[in-house]
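For reference, the structure discussed in these notes is given below.
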There are 2 protein chains.
Amino acid sequence: MSRVGSDRARPTRQILPLALTPLVEGDLATYFEGLANPTRLHIVERLAQVKEARVSDVAMLLGISQPRMSWHLRLLRRAGLVLTRREGREVFCRLDRTSIAENLSAFTALLAGDGQPGLAESRLGPAETINPPSPRHGVERSLPEVI
Amino acid sequence: MSRVGSDRARPTRQILPLALTPLVEGDLATYFEGLANPTRLHIVERLAQVKEARVSDVAMLLGISQPRMSWHLRLLRRAGLVLTRREGREVFCRLDRTSIAENLSAFTALLAGDGQPGLAESRLGPAETINPPSPRHGVERSLPEVI
DNA sequence: ACCTTTATGAAAGAAGTCTTTAAGTGAGCA
DNA sequence: TGCTCACTTAAAGACTTCTTTCATAAAGGT
């Protein structure tokens, strides 16, 4: 996409006036971008097992260089997946479980079909009986306690 | 990444022998890649509201060209987010809610710290009392019913 | 002050994503 | 058979992401 700023820069949000921004999709896309890479998923996996760890320890354990670790850490922070904290000359990172939970439940809300139905019933295919008739059939808003 | 094959091609899985593949990270990264783009999130959002819809209807509603729709549909299929079905000369698409739920719970399992602890307790930071002491503190394996 | 350790930043190049235009495929209809 | 509709695929180019190498900053020990 476009964002190149210094960490908290978001593409869509930054340009459009607040009232017109899609909001949800922009933020969620940034969030999932943080997870859309094997290296970053490895980092997340490690941090999930260990609560908090020194940046260089994680880098060494995953066998990646220091600048590379730093790059991915930046994306992870921007995505709201990881928090970092300086202590002396070391930096510790850990999962931002609150933000993670918020984004996940925003996503499940999206899956549940929240928002205006758009091309609702009128634009359904001919053979339209795949799912049994239920007001909003599938996804449920369970999971808000995923932290 | 690398995958360019004809839709179901996955990078890591395809090359390494089955027993040695990282599995989780590779698949999850592909899955999240499908969600890491505003256009695709819009498609997913629409499909969540409507169960099933003609490809061209979704494209028109989102104001994107047909090839562009097709491109994103391919990534969505590869990510296990969307299923398509041909009927006559029209193609209908819908969310693959089973696959979505599987991937989401794989992710929450990862967040819960499943797998060997790696650099576990020995590598924790000095001021280590951010979270109250609980066996595996945060994320819970709730959500398997997210379809 | 100097030196060491650790983290971040910048630049450059390879690789990947995304979009458009144009061509190809499959299914229905004349 | 030919024509049209509804999609998919190919090719090319613009733009991003990712990685490496080199340089800078920040903190602490000597």
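Reminder, nothing fancy here: chain letters follow the sequence lines and each chain counts from 1.
Whole-Å rounding puts the A:L76 CG to D:dT17 C1' distance at 14 Å. Note: CG (B:L75) to C1' (C:dC18) measures 9 Å, nearest angstrom. Atom CD of A:Q66 is separated from atom P of D:dA25 by 16 Å (rounded to the nearest Å). Between the CZ atom of A:R78 and the C1' atom of C:dT8 there is a distance of 16 Å, rounded to whole Å. The interatomic distance linking A:R85 (CZ) with D:dA26 (C1') rounds to 17 Å, in whole Å. Summarising the geometry, the separation between CD on A:E90 and C1' on D:dA27 is reported as 10 Å, rounded to the nearest angstrom. In this structure, A:M69 atom CE and C:dG9 atom P are separated by 14 Å, rounded to whole Å. When the P atom of D:dC5 is taken as reference, atom CZ of B:F92 falls 18 Å away, rounded to whole Å.
Under the 4.5 Å side-chain heavy-atom criterion for Ile, Leu, Val, Met, Phe, Trp and Tyr, B:V91 and B:V82 are members of the same hydrophobic cluster. Put simply, B:M60 and B:L41 are part of two different groups of oily side chains (I, L, V, M, F, W, Y) that touch within less than 4.5 Å, one to the next. Tracing side-chain contacts under 4.5 Å through hydrophobic residues (I, L, V, M, F, W, Y), one reaches A:L73 starting from A:L62; they form part of the same cluster.
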Completion exercise
Under a 4.0 Å heavy-atom criterion, the protein footprint on nucleotides 19-24 of chain C, written with B, S and -, is BBBB--
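Of all non-hydrogen atoms in A:G80 and A:D96, the two that sit nearest each other are O-CB, 3.7 Å. A pairwise comparison of heavy atoms in A:A79 and A:T30 identifies CB-O, 3.4 Å as the closest pair.
Residues B:V58 and B:M69 meet the side-chain proximity criterion, which asks for heavy atoms closer than 4.5 Å. Between A:T84 and A:F92, the closest side-chain pair of non-hydrogen atoms is not below 4.5 Å.
Taking 4.0 angstrom as the limit, B:R74 places none of its side-chain polar atoms (N or O) nearer than this to OP1 or OP2 of C:dC18. Applying the 4.0 Å criterion to OP1 and OP2 of D:dT9, one finds that B:S70 has every side-chain N and O outside that range.
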Give each protein N/O atom lying under 3.5 Å from an N/O atom of nucleotides 25-30 of chain C, with the pair distance.
none

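Using cut-offs of 30° and 60° on the angle between ring planes, the pair B:F32 and A:F32 is parallel.
Side-chain atoms of B:R68 and B:T39 form a donor-acceptor pair, as typed in the model, at a separation below 3.5 Å.
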